[in-house]
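To start, the structure under review is shown below, and the notes come after it.
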Number of protein chains: 2
Amino acid sequence: MTDEEKAKYFQVALCSSLVLFGFDGEDLKILVYRKLNDPFKGGLVLPGKFIGVTDSNDQAIHELLIEKIAYDEHQTYIEQLKAFTKVFRNPLGRVINVAYYALVKLTPQIEEKVKAQGGEWYAYDRIPDLAFDHNEIVQYAKERVKRRVKRRPVGFNLLGDEFTIAQLQSLYEKALNRELDKRNFRKKIFNSNLIIETGNTTDPKQHRKVSKLYRFDEEKYEKLSLKGYDFLF
Amino acid sequence: MTDEEKAKYFQVALCSSLVLFGFDGEDLKILVYRKLNDPFKGGLVLPGKFIGVTDSNDQAIHELLIEKIAYDEHQTYIEQLKAFTKVFRNPLGRVINVAYYALVKLTPQIEEKVKAQGGEWYAYDRIPDLAFDHNEIVQYAKERVKRRVKRRPVGFNLLGDEFTIAQLQSLYEKALNRELDKRNFRKKIFNSNLIIETGNTTDPKQHRKVSKLYRFDEEKYEKLSLKGYDFLF
DNA sequence: CCAAAAGTGTTCATGGTACACCCATGT
DNA sequence: ACATGGGTGTACCATGAACACTTTTGG
């Protein structure tokens, strides 16, 4: 490649945005921020950042997660969606957005950090108009999550160490955007043998009736996923 | 964004590579080229090209398909895989590869064009060592195709207007990398109601016994795919 | 007459879906 | 007493998997 050609092609900027799905035990929601500077100052956008020429995208997403939500690496599922490459998606010039999504369980610490950073949560099915092509990215992310949730137990990343079956079901209903039968749901979940009773129960003060708490059996999942295990739904 | 920052970030190059799957009625194979210049001169690579600052990736892939195989737009399935973004994947500098795959049925015209361009086909399960991270891209493409083929009748893009059930089965066996039962396969295919008998048969000179030819019912597929139809396998 | 490929049904196991009531507790 | 949410079992149907023989025809 000639120097002339190099000058011609090496003019693109790279950024990564993150569709962060959070679940608080009841609602599934997505994190957005209000832009403080141009372009699209005041508009809502996904968390994201430009990537330096010698920086990795994966690393940038990790940094973003630490900055924005002080996340726990081991409990977070992260995956690249795809590149969004439209020529005029950013008025600054040609910017390629390599978008990711992540699944996290929301804790009071995260909620606090998000508030301090000025982040806003929007319900999974009520996403407002976002700047750039970010609505397109969110749409794509939602479809990907829907598919993933059907085949791999990624949903567990959105729940705390301990959870009730009702919480798990609620999560699946939100992600799949349809209601599920309680008995059938329990049957599937227990047949998968991927969850373990912890022996604990919910706090009797919070609900009329206490319910059993479960946790995800990661060890069993590791074994199963080696041979291309399909989850359910 | 300051000019300084602009100068810092707008230094990346963008390219797209294509994993082209071709099926000739018997074998499923992938197209590669030998590099004529540095870096990795003499090495095997996927077809690909750099993307100009104001050019679209999709358009570039179309151009690539026309250049390399003189393809028929309507009979070709194309989809973005993802961005390959490792920092040091290209010695020229930071180059992001937004990779695609395409499925085409091979015709004598295509074979001729490929030969004229110096292209080489390699069987789906015998891909040689490629330059850059192209083996990784191929691997990713194979997994994507495997999944797609299970759920959507993309396989039809790899077959001519008319095909025998045996050819269709052979294609699925190659893509899924396992043998399928002939009777079960026919049952599934016919139950899907997505293929139509054309009334024609294979040339009696070519085989011991003639067999019926079928075609894909695109109209019916359009209707089904509107409501998130799942194919089979 | 034999090798090669086309074509054809049945049985069984599994998993999905539909569906309704009792229990414990807090108000 | 009643409202709220936790917990439980059965029957039917659709789909997937296993499995063997007959037919045609070219060599």
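All values reported here derive from a predicted model rather than from experimental measurement.
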Rounded to whole Å, CG of A/Leu176 lies from C1' of C/dT17 at a distance of 15 Å
Assert: residue with more 5' nearest nucleotide on DNA chain D, out of B/Arg183 and A/Ile165, is A/Ile165
Euclidean distance, atom CZ of residue A/Phe185 to atom P of D/dT8 [Å, nearest integer]:
14 Å
Are A/Lys174 and A/Phe21 in a cation-pi contact, defined as NZ or CZ under 6.0 Å from the six-membered ring centre and within 45° of the axis?
no
In whole angstrom, what separates B/Phe190's CZ from C/dT8's C1'?
10 Å
Rounded distance in Å - CG (A/Leu180) to P (D/dG7)
17 Å
So, does the side chain of A/Lys187 form a donor-acceptor pair with the base of D/dT10 at under 3.5 Å?
yes
Look at all strands and tell whether B/Asp181 reaches a base, only sugar-phosphate, or nothing, counting heavy atoms closer than 4.0 Å.
base
Choosing from C/dG7, D/dT8, C/dG16, which nucleotide comes nearest the side chain of A/Lys188?
C/dG16
Closer than 4.0 Å, any side-chain N/O of B/Lys182 to the OP1 or OP2 of D/dA20?
no
For a 4.5 angstrom cut-off between non-hydrogen side-chain atoms, does A/Val138 reach A/Val32?
no
Among D/dG6, C/dG7, C/dG9, which nucleotide sits nearest the side chain of B/Asn184?
C/dG9
Applying the ring pair (Phe, Tyr, Trp, His ring centres under 6.0 Å) criterion to B/Phe163, which one of B/Phe216, B/Tyr172, B/Tyr214, B/Phe156 satisfies it?
B/Phe156
Output the rounded distance in Å from CG (B/Asn191) to C1' (C/dT10).
15 Å
Taking the six-membered ring for Trp, are B/Tyr140 and B/Phe84 parallel (under 30°), tilted (30 to 60°) or perpendicular (over 60°)?
perpendicular
Donor-acceptor pair under 3.5 Å: do we get one between B/Lys209's side chain and the base of D/dT23?
yes
Determine whether the aromatic ring centres of B/Tyr124 and B/Phe23 lie less than 6.0 Å apart.
no
For C/dG7, does OP1 or OP2 lie under 4.0 Å from any side-chain N or O of B/Arg186?
yes
Return whichever of A/Val210 or A/Arg178 has its heavy-atom-nearest nucleotide of DNA chain C closer to the 5' end.
A/Arg178
Tell me: OH of A/Tyr172 to C1' of C/dG16, nearest whole Å?
16 Å
To the nearest Å, how far apart are B/Glu179 CD and D/dA17 P?
14 Å
If I take atom CG in residue B/Asp203 and atom P in nucleotide D/dG26, what distance separates them, rounded to the nearest angstrom?
11 Å
